[in-house]
Amino acid sequence: MIAFIIKRTFLMIPQLLLLSVLIFFLAKQMPGDAVTGAFMGKPNVSAEQMEKIRQQHGLNDPWIVQYGRWIGDAIRGDFGQSFVHKQPVTQLLAGRIENTIWLSLATLIVTYLLAIPLGLIAGRWTGGFADQLIVTYNYVSFATPVFVFALLMLYVFGFVLDWFPSGGSVDIRMEEGSMEYMGDKLKHLVLPVLSGSLLLTYSTVQYLRNEIIETKVKDFVKTARAKGVPENVVYNRHILRHSMLPIAAFLGYEITGLIAGSVFIETIFSYPGLGRLFIDSIMARDFTVVTALVLISGAAVIVGTMLSDIILRIVDPRIRLG
Amino acid sequence: MEDNLLTIHKLRTSFLIDGEFHRAVDGVSLTIHRNEVVAIVGESGCGKSALALSIMGLHPKERTRIEGSVEFQGQNLLQLSTAKLNQIRGKQLAMIFQDPMTALHPLLTVGRQIKEVMDVHLPLSTKEKKQRVLQLLEQVGIQTSAQVYQHYPHELSGGMRQRVLIAMALACDPVLLIADEPTTALDVTIQAQIMELMKELQQQSQAGILLITHDLGVVAEMADRVAVMYAGEIVELATVHELFHHPLHPYTRSLLHSLPSGQQQKLHVIDGMVPAIERLKRSGCRFAPRIPWISNELHEDDPVLREIAPGHYVRCTCHQHFYLPADRIGDETDAPFTAT
């Protein structure tokens, strides 16, 4: 198992390198560059001055040279300066990565806490009232755009009822590290997390429901019943365990999707995470930040895939080979 | 009778197909005594497995209707709640399934799956249970029990898996074992081993066995009494000796004649197949369509199971005039059929 994880980790290195080349190249193909992003439409900066800045920062070099410079620094943990925020990219990202990880993790946990019981109920009592209700909820949540739902949540619970803060990640007056600080952070997470997870459950519920319907007629379930195993145990141990396989396999991708896909939620709840920074940076052609961000989400995909592989290996003994 | 382990009385199992209930088991009555092996034979689709699963209460409730009674140790199994039934299933009443490839949970270790039976039924400590599992594995002929205990089903061969399933069934010393085609999915050589094992274990444990099979060789070797089933009904019931030496019902005779033997030039083939239960004619002799050379008057309108000789029951009068077409060539006398 450990050997597998090490092997799998080494395999990530060429993947990441290839990804970085691709990202850098594509980012360079975007119209405009950091200089146009920063000074466009400012009449007091002349074209000659802009050209001078470009020359200074080596923006006129061929992209391969620029790439070499960038990747060399990146390996040392230096992603350059943000043109817009006037601070090192790493510093800019540090706090936001943490926020996004909290948000994603909380969303993931809440999603599974909701989806697994729902899927289990729907799959066990197929066609019953609860099942119909769950399936309806599933279709509705699948069809609801996240930005509409998040806005609604924000309006109802953040504004009209005023139960939860409507933006930010923590109250500015809180003392870092204190219990109140953590509590307030959690409070700020409630709305974004609920908005995300209430809509994200559908795939897990649907998968689980279908898997359970398929699994419950299998022979080994009959064997379990013939052993006199109580019905609840039949479902919660024998059937659920088998039905969780595709969901476990999907977990890695789910994490990836969350880290990369929190743009809407973060923007609507003005939550200082990666997603919002990403949108802002693209708008401002903050080239160094964009490449760093894409690299991070790309790396998240690669890590997520690896995680899926590892999880599947843990839960399914049949693929523990080699 | 005191000696009765299981008394099935007019059991009728119907399945919901396209909004209608169709009878897969149609009025079966049968008793199994202590220390007796009763075999049920018949082609695929004649209701053997449906009968076994009805006894075990393993049919999905929402699509099945079961009538009649199944008396086991003074209780009618059909009227028990699932919780009550679970106290009996796996303990006094155990089942061995047809396909060892799919009957084990792929994600749980063998040891855990066998131990689970004891978790449900026996008040033993974890250590004692493990001890007993290892002992059971050795009993079913697995020498490397400690390793197999930790194996997952996919790491074992078909024969080994069937042994594991047998060990599982024996875990709580059942008084009645239902074996639903326990060797169908296995190689011929392994089949022989498994049957040998079952015979041996039966002699040790004195348990009653309801053996469901379509292999007449297995029947001859294992069974004390045989019930021949066709289209949901028992058409003939006799001791194994009687059945093989004086088979009466046309279906039994056709089946026996379909077995390869030294004297025959050509194997007999029963024309047609068991009708699907939605299309089964419920009146008259159900086997009649497959022996068209026997004229309709020779069948009963409403055939019942009659005791022809002590302990030998046959359904329908058509057996009195039955002959196999192959026997008629060059032989015009209606000689009574004798099997070899």
Side-chain angles (χ1 to χ4, degrees), chain A residues 1 116 120-132 207-208 211-249 251 310-322, chain B residues 49 52-53 55-63 81-109 112-122 150-155 161 164-165 168-169 171-172 174 177-178 180 185:
Chain A
M1 195 60 175
I116 291 171
L120 190 57
I121 291 168
R124 180 167 172 182
W125 291 284
T126 329
F129 181 67
D131 178 39
Q132 281 168 3
Y207 264 120
L208 192 57
E211 276 298 315
I212 286 175
I213 291 171
E214 236 173 78
T215 309
K216 69 180 175 184
V217 294
K218 293 224 172 191
D219 283 353
F220 61 78
V221 176
K222 236 175 232 167
T223 311
R225 291 208 174 102
K227 287 198 278 190
V229 176
E231 202 61 5
N232 277 335
V233 182
V234 168
Y235 271 94
N236 297 339
R237 184 184 297 157
H238 294 256
I239 297 180
L240 187 62
R241 202 186 181 93
H242 193 264
S243 306
M244 285 297 280
L245 284 184
I247 286 152
L251 178 66
I310 292 171
I311 292 168
L312 254 188
R313 252 162 194 272
I314 292 169
V315 294
D316 192 345
R318 286 168 296 182
I319 46 177
R320 263 179 230 162
L321 302 164
Chain B
S49 290
L53 294 177
I55 298 168
M56 292 295 289
L58 289 175
H59 286 302
K61 285 193 178 55
E62 58 287 3
R63 282 183 287 114
S81 64
T82 309
K84 278 265 167 58
L85 194 57
N86 276 338
Q87 292 171 7
I88 298 173
R89 289 197 289 208
K91 197 173 183 198
Q92 291 106 328
L93 180 63
M95 183 154 180
I96 299 169
F97 288 90
Q98 204 175 117
D99 188 353
M101 298 311 199
T102 56
L104 288 167
H105 198 295
L107 307 181
L108 299 172
T109 58
R112 193 166 162 196
Q113 293 190 59
I114 302 177
K115 196 167 78 65
E116 195 181 25
V117 195
M118 299 171 209
D119 293 341
V120 179
H121 299 293
L122 299 180
Q150 284 167 20
H151 275 328
Y152 287 93
H154 73 275
E155 295 169 295
R161 285 188 225 186
V164 168
L165 280 168
M168 201 184 273
C172 299
L177 198 60
I178 298 178
D180 185 4

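Sequence lines set the chain letters: A, B, ... in the order given, protein chains first and strands last, and positions in each chain run from 1.
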Provide the closest heavy-atom pair for B/Val117 versus B/Cys172 in the form atom of the first, atom of the second, distance.
CG1-SG, 3.9 Å
With a 4.5 angstrom heavy-atom cut-off, which part of B/Ile178 approaches chain A: side chain, backbone, both or neither?
neither
Tell me the residues of residues 239-247 of chain A whose non-hydrogen atoms fall below 4.5 Å from those of chain B, in number order.
A/Arg241, A/His242, A/Leu245
Tell me, side chain or backbone of B/Met168 under 4.5 Å from chain A's heavy atoms, or both, or neither?
side chain
For side-chain hydrogen bond (donor to acceptor under 3.5 Å, both in side chains), just list the numbers for B/Asp180 and B/Ser49, CA-CA rounded to whole Å, side-chain angles, deciding distance to a tenth of an Å, and then say yes or no.
CA-CA 7 Å; B/Asp180 185 4; B/Ser49 290; 3.0 Å; yes
So, the part of A/Lys218 with a heavy atom under 4.5 Å from chain B: the answer is neither
side-chain hydrogen bond (donor to acceptor under 3.5 Å, both in side chains) between A/Arg124 and A/Asn232: does it pass, once the steps are laid out?
CA-CA 10 Å; A/Arg124 180 167 172 182; A/Asn232 277 335; 2.9 Å; yes
For the candidates B/Met95, B/Gln113, B/Glu155, which exhibits the highest count of non-hydrogen atom pairs separated by less than 4.5 Å from chain A?
B/Gln113
Of the non-hydrogen atoms in A/Val229 and B/Asn86, which two are nearest, and what is the gap between them?
O-ND2, 3.5 Å
If you draw a 6.0 Å radius around OH in A/Tyr207, do more than 12 non-hydrogen atoms from other residues or ligands fall strictly inside?
no
Looking at A/Gln132 and A/Gly127, what are the two nearest heavy atoms and their distance?
NE2-O, 3.4 Å
For each of B/Leu104, B/Ile88, B/Asp119, tally heavy-atom pairs with chain A at distances under 4.5 Å, and name the one with the top tally.
B/Leu104
So for atom NZ, which belongs to A/Lys216, do other residues, nucleotides or ligands contribute more than 12 heavy atoms lying within a distance under 6.0 Å?
yes
Please find the pair of heavy atoms, one from B/Ala103 and one from A/Thr223, that lie closest to each other, and give the distance.
O-OG1, 2.6 Å
Cut-off 4.5 Å, heavy atoms of chain A, and the answer for B/Leu107 is both
Tightest non-hydrogen contact, residues B/Pro100 and B/Arg161, listed as O-CD, 3.4 Å
Is it the side chain or the backbone of B/Leu165 that comes within 4.5 Å of chain A heavy atoms, both, or neither?
side chain
What part of B/Leu108 gets closer than 4.5 Å to chain A, counting heavy atoms only: side chain, backbone, both or neither?
side chain
If one checks every heavy atom of A/Val221 against chain B at 4.5 Å, the contacting part turns out to be neither
Backbone N or O of B/Lys91 within a donor-acceptor pair of the A/Lys227 side chain at under 3.5 Å?
no
Which one, B/His121, B/Arg89, B/Met101, B/Gln87, leads in non-hydrogen pairs under 4.5 Å with chain A?
B/Arg89
To check you understand the geometry: which heavy-atom pair defines the closest contact between B/Ala94 and B/Met56, and what is its length?
C-CE, 4.3 Å
What part of B/Ala83 lies closer than 4.5 angstrom to a heavy atom of chain A: side chain, backbone, both or neither?
neither
